[in-house]
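Written below as structure tokens is the structure these notes are about.
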Amino acid sequence: MGLTHTDAYVDSLLANLTEPQREAVQHTEGPLLVLAGAGSGKTRVITRRAAYIAATVARPWEVLAITFTNKAANEMRERIEALGGGQRDAADSPPRAGRTSSGMTVCTFHALCARILRMYHERLGLSRSFTVFDQADRRKVVKDAIVHCQLSTTNWAPARMEGAISRAKNAMQTPEIFASEASDWGERTIARIYATYEQILAEQQGVDFDDLLLKTAFLLGGDDIVRDQLERRYRYVLIDEYQDTNEAQYRIARLLTRERQNICATGDPDQSIYGWRGANIGNILKFEEDYPDARVVRLEQNYRSTKRILAGASAVIAHNRRRKQKGLWTENDEGAPIRVLEFEEAEDEARDVARRIAAHKAAGRQLSDIAVFYRINSLSRALEEALLQAGVPYQIARGTEFYNRKEIKDVLAYLRVMINPADETSLLRIINVPARGIGDTTVERLQKLASDSGRRVYDVIADASAVQTLGRSAMKLLAFAELLRSLEPLAQQAPMRALDQALSLSGLRAALTDSADEDARSNVDELINAASEYEQDNPESTLVDWLEHTSLLGDVDAVRAESGAVTLMTLHAAKGLEFPVVFIVALEEGILPLQHVDEPDGDIEEERRLFFVGMTRAERELTLSHVRYRMQRGITQRQTRSPFLAELPSRDIEWLDADDEYAAPHDDHDSQRRPEATRTQRPPRWCEGMLVRHPTFGLGRLVWVQPAGKHTRAGVHFTSGQHKTLILEFANLEPIDPREID
DNA sequence: ACGCCAGAAGTTTTT
DNA sequence: CTTCTGGCGT
């Protein structure tokens with residue numbers, strides 16, 4: 001098995017590894033736990049191990065590697081491919097989503113589950129073409145459920161209900177279990193909403209993100225034949241970021257490896273930061289109990305940070321009780337001390353961070369080497385303003401998402417209805433988009449007609465005699481039915497063609513062309529590109545495949561690292577990344593650690609881990625700051641500095657007063673330093689980074705500039721927080737001298 | 001269909 | 001202080 005590989009290839013997979021790393025790679029049979037400290041070369045071990053298994057004891061398609069994000073999956077897949085080998089084995093099978101060219105499966109938990117559910121849909125009473133409902137769809141269905149229960153959305157806030165339902169699902173509680181455990185009227189009411197929500201989903205053949213996991217866990221747990229088939233299919237299972245698994249994921253992992261126990265869990269309990277989302281750090285902590293024969297490998301050498309940064313981070317995390325003892329060490333330089341700064345208020349803090357970043361840049365540092373982290377998104381505002389003022393380009397890794405844009409959701413809704421006519425959420429979304437004179441009243445009567453006759457809205461619209469009873473709107477509804485019918489055959493087409501046709505036939509394309517919304521147009525163009533790209537990568541794929549792919553795709557993947565810009569993000573978003581220079585702001589009691597009004601003593605250990613994650617992102621320089629007064633929600637409050645600061649070892653810390661003058665950053669880039677030359681030649685009229693003013697949007701900065709036909713297009717970040725794509729020739733922008741602003 | 005205003009709500013968010 | 005939502009008016 002798999003012995004088509006040369007010894008030289010196998011040797012190459014073991015080359016350049018430390019002893020523990022090699023041990024992890026070579027331990028192929030039986031349970032293995034890899035406790036991988038921050039920056040310890042975990043990905044290298046996982047990818048080598050996967051390739052090693054496929055080269056020695058298994059066929060590539062018997063190897064399954066599960067990650068949490070698409071980004072991680074893609075990265076891992078690429079790195080496994082780069083190791084070479086294995087290609088021959090699969091020359092006969094077509095490339096498929098989530099597979100390496102040799103046929104190894106590398107995907108997220110959710111993608112794996114979607115595939116399994118699709119495979120065994122009959123046993124679950126699901127249609128083969130069920131649709132994955134995203135957050136927005138889920139919100140809509142929750143609202144409908146609340147209304148259905150004759151409750152008000154004011155008393156029963158959809159967001160809260162959503163949270164409650166999601167938590168129940170993460171804990172693998174069905175509505176029945178939830179109801180039986182409800183202790184008071186409030187909980188019993190939530191149970192009713194939950195049950196109704198489930199019913200609506202089922203009627204629409206919809207499956208939400210949590211369901212993907214939950215249904216798979218129940219399927220595997222309740223059906224030995226299925227479990228056995230999958231266990232034979234995936235003989236070697238790798239799970240990354242095991243500390244972040246929730247109950248359902250944990251069950252799936254255990255069930256998939258029940259007989260052979262060829263499970264390799266990698267992760268770091270100190271980096272578990274999603275407890276509030278159902279992740280259970282206990283899963284990784286009790287791995288050795290679950291698998292008494294488990295081999296445990298610790299990767300403790302850090303290749304990322306300086307000695308002092310590592311010492312600081314280690315000292316902080318040592319205060320946690322729920323963890324596995326770990327001694328991180330590094331052969332890297334001693335490095336500069338961790339700086340701690342105190343300011344009067346947020347504006348001072350932000351201004352200083354901006355000033356230090358500008359100094360780094362002047363010293364020759366790439367801005368893409370620098371990141372600023374904060375606990376909550378609202379803290380970015382002050383930073384953005386200060387950076388804008390200082391003329392430092394920045395990029396925010398915010399989840400304001402591509403796939404949540406109205407125009408994108410609209411087109412996708414058409415496609416979803418095409419493949420799943422039961423998807424009423426999507427159907428009602430597009431029934432009057434673009435506007436075709438079907439108003440709310442008509443829609444309501446239509447829904448009533450459907451529920452009275454026990455039919456799907458889709459079928460009622462197509463029923464001429466039923467539609468006739470709706471009076472004046474009948475003609476419009478029939479025209480819409482005709483449109484839907486003309487779209488039906490497209491479901492069999494390849495993704496891009498289906499998308500293109502749907503855009504034309506629906507009238508969306510025409511509406512878009514007429515509209516002034518430049519952004520919407522370019523977003524739809526981007527969607528077409530995405531479909532075309534997907535088709536090229538997965539030639540055999542169907543529309544169903546692509547739709548599933550898009551619904552499981554977060555925007556993390558869409559956030560490309562912009563060179564020439566500082567990165568601003570939350571501590572959560574920082575996980576898995578690294579930057580030479582890192583700032584963490586607002587180290588204050590109540591913010592980091594964050595305190596919530598409802599639960600005064602939240603999980604302090606998780607907050608500490610969050611801080612730990614932030615600190616260990618830094619390679620060379622780490623600067624922490626806090627203020628004495630901070631305004632939040634319009635109220636200025638006296639702030640106390642974070643207790644975490646007191647946990648830092650004093651010999652690795654440099655406490656600085658806000659008023660201290662500081663030297664230019666002392667790093668390796670001094671040689672490239674040059675004075676800010678006064679520019680003599682005339683700069684191009686428009687260039688990236690330039691400050692501009694727009695008559696309505698106000699002050700902003702050009703993020704990118706591109707020729708587009710006879711015109712020039714540019715992306716502009718405005719101080720208001722808006723991001724616009726503008727045609728420079730029409731936009732009436734006025735270039736601004738930075739000095740003008742002060 | 002769009003815009004305006006009052007009122008509420010306001011961690012983190014891999015999928 | 002802000003940002004979003006829902007209801008109402010044009």
Side-chain angles (χ1 to χ4, degrees), chain A residues 66-74 107-114 132-135 138-139 143 152-154 157-160 162-163 166 169-170 207-214 240-241 243-246 248-249 271-279 346 373-379 381-382 397-401 403-404 432-440 511 515 548-557 559 569-577 586 590-599 602-603 606-607 609-611 613-614 630-637 720-722:
Chain A
I66 310 175
T67 63
F68 274 80
T69 65
N70 291 297
K71 194 170 160 225
N74 294 337
C107 65
T108 64
F109 257 111
H110 294 262
L112 173 73
C113 291
V132 178
F133 277 34
D134 69 17
Q135 209 119 12
R138 189 220 276 194
R139 173 67 53 94
K143 277 185 188 164
S152 86
T153 48
T154 332
R160 280 188 189 283
E162 226 180 291
S166 181
K169 288 190 175 184
N170 282 332
V207 166
D208 68 21
F209 285 139
D210 299 322
D211 282 340
L212 289 170
L213 305 173
L214 187 75
D240 194 20
E241 308 280 18
Q243 78 280 356
D244 287 333
T245 48
N246 64 23
Q249 288 160 330
Q271 294 185 62
S272 165
I273 54 174
Y274 286 101
W276 52 276
R277 240 179 148 251
F373 304 150
Y374 34 81
R375 177 63 234 262
I376 47 180
N377 279 314
S378 60
L379 296 174
R381 170 172 288 266
R398 198 194 281 118
T400 167
E401 314 90 7
Y403 287 98
N404 269 349
N432 200 30
V433 176
R436 44 176 75 91
I438 301 174
D440 293 346
S515 101
E548 181 168 297
H549 173 79
T550 57
S551 32
L552 295 179
L553 203 69
D555 284 301
V556 197
D557 321 78
V559 177
M569 62 177 119
T570 63
L571 286 161
H572 282 92
K575 195 169 98 170
L577 305 176
I591 294 184
L592 184 61
L594 187 72
Q595 239 161 18
H596 196 46
V597 217
D598 300 350
E599 32 184 336
D603 190 346
E606 181 152 315
E607 295 294 317
R609 291 193 291 269
L610 202 44
F611 182 38
V613 165
R630 186 175 297 275
M631 184 163 80
Q632 280 183 300
R633 300 196 201 164
I635 302 158
T636 302
Q637 267 196 314
S720 57
Q722 297 178 95

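The chains referred to below are lettered A, B, ... by the order of the sequence lines, with proteins before strands, and numbering in each begins at 1.
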Discussion item. Measuring from the side chain of A:Arg160 (C-beta onward, heavy atoms only), which nucleotide among B:dT14, B:dA1, B:dG10 has the closest atom?
Written reply: B:dG10
Fill in: Short side-chain to backbone donor-acceptor contact, A:Gln271 and A:Val613, under 3.5 Å
no
Discussion item. By the 4.0 Å heavy-atom rule, please label A:Phe109 as base, sugar-phosphate, or nothing.
Written reply: nothing
Fill in: Among B:dT13, B:dT15, C:dC1, the one nearest A:Phe209 by side-chain distance
B:dT15
Practice prompt. Please report the closest heavy-atom contact between A:Leu552 and A:Ala114, naming both atoms and the distance.
Written response: CD1-CB, 4.1 Å
Worksheet item: How far does the C1' atom of C:dG6 sit from the matching atom of B:dT11, given to the nearest Å?
Response: 25 Å
Worksheet item: Separation of A:Arg138 atom CZ from B:dT13 atom C1', in whole Å?
Response: 10 Å
Worksheet entry | For atom CZ of A:Phe611 and atom P of B:dT11, their distance in whole Å | 22 Å
Worksheet item: Which nucleotide, B:dT11, B:dT15, B:dT14, lies nearest any side-chain atom of A:Glu607?
Response: B:dT11
Discussion item. B:dT14, OP1 or OP2 - any side-chain N/O from A:Asn70 closer than 4.0 Å?
Written reply: no
Practice prompt. Would you indicate which nucleotide in B:dT12, B:dT14, B:dG10 comes nearest to any side-chain atom of A:Trp276?
Written response: B:dT12
Worksheet item: So, is A:Asn377 close to the B:dG10 phosphate, meaning a side-chain N or O under 4.0 Å from OP1 or OP2?
Response: no
Discussion item. Strictly below 4.0 Å: does A:Arg633 bring a side-chain N or O up to OP1 or OP2 of B:dT11?
Written reply: yes
Practice prompt. Answer with base, sugar-phosphate or nothing: what part of the nucleic acid does A:Gln135 contact at a heavy-atom distance below 4.0 Å?
Written response: base
Worksheet item: Between B:dT12 and C:dT5, how far is it from one C1' atom to the other, in whole Å?
Response: 23 Å
Discussion item. Check the phosphate of B:dT13 against A:Thr570, side-chain N and O only, distance under 4.0 Å to OP1 or OP2. Yes or no?
Written reply: yes
Item to complete: Write down the distance between CD1 (A:Ile376) and P (C:dC1), rounded to a whole number of angstrom.
Response: 18 Å
Item to complete: Look at the aromatic rings of A:Tyr274 and A:His572 and report parallel, tilted or perpendicular, splitting at 30° and 60°.
Response: tilted
Item to complete: Indicate the atoms forming the closest heavy-atom contact of A:Asp244 with A:Ile273, along with that distance.
Response: OD1-N, 3.9 Å
Worksheet entry | Separation of B:dT12 P from A:Arg277 CZ (nearest whole Å) | 13 Å
Worksheet item: Does A:Asn432 have a side-chain nitrogen or oxygen under 4.0 Å from the phosphate oxygens OP1 or OP2 of B:dA1?
Response: yes
Discussion item. Taking the minimum atom-to-atom distance to the side chain of A:Phe68, which one of C:dC1, B:dT14, B:dT11 wins?
Written reply: B:dT14
Item to complete: Mind checking the CZ-CD spacing from A:Phe68 to A:Gln243? Nearest 0.5 Å is all I need.
Response: 7.5 Å
Discussion item. Taking 4.0 Å as the cut-off, does a side-chain nitrogen or oxygen of A:Lys143 come that near to OP1 or OP2 on C:dG6?
Written reply: yes
Fill in: Selection from B:dT12, B:dT13, C:dT2 that lies nearest to any side-chain heavy atom of A:Arg381
C:dT2
Item to complete: Say whether, by atom type as modelled, one donor and one acceptor occur between the side chain of A:Asn170 and the main chain of A:Arg277 under 3.5 angstrom.
Response: yes
Worksheet item: When you measure from the side chain of A:Thr69, which nucleotide among B:dA1, C:dC1, B:dT14 comes out closest?
Response: B:dT14
Worksheet, complete the sentence: note: A:Met569, atom CE; B:dT12, atom P; distance rounded to Å ~ 15 Å
Discussion item. As a test of reading the structure: which of B:dT11, B:dT14, B:dT15 is closest to the side chain of A:Asp244, going by heavy atoms?
Written reply: B:dT14
Item to complete: Take the protein atom CG of A:Leu571 and the nucleotide atom P of B:dT14, then report the distance between them rounded to whole Å.
Response: 14 Å
Item to complete: May I ask you to say what A:Ala435 touches in the nucleic acid, namely base, sugar-phosphate or nothing, with a heavy-atom cut-off under 4.0 Å?
Response: sugar-phosphate
Item to complete: To the nearest Å, give me how far apart CG (A:Asn246) and C1' (B:dT13) are.
Response: 13 Å
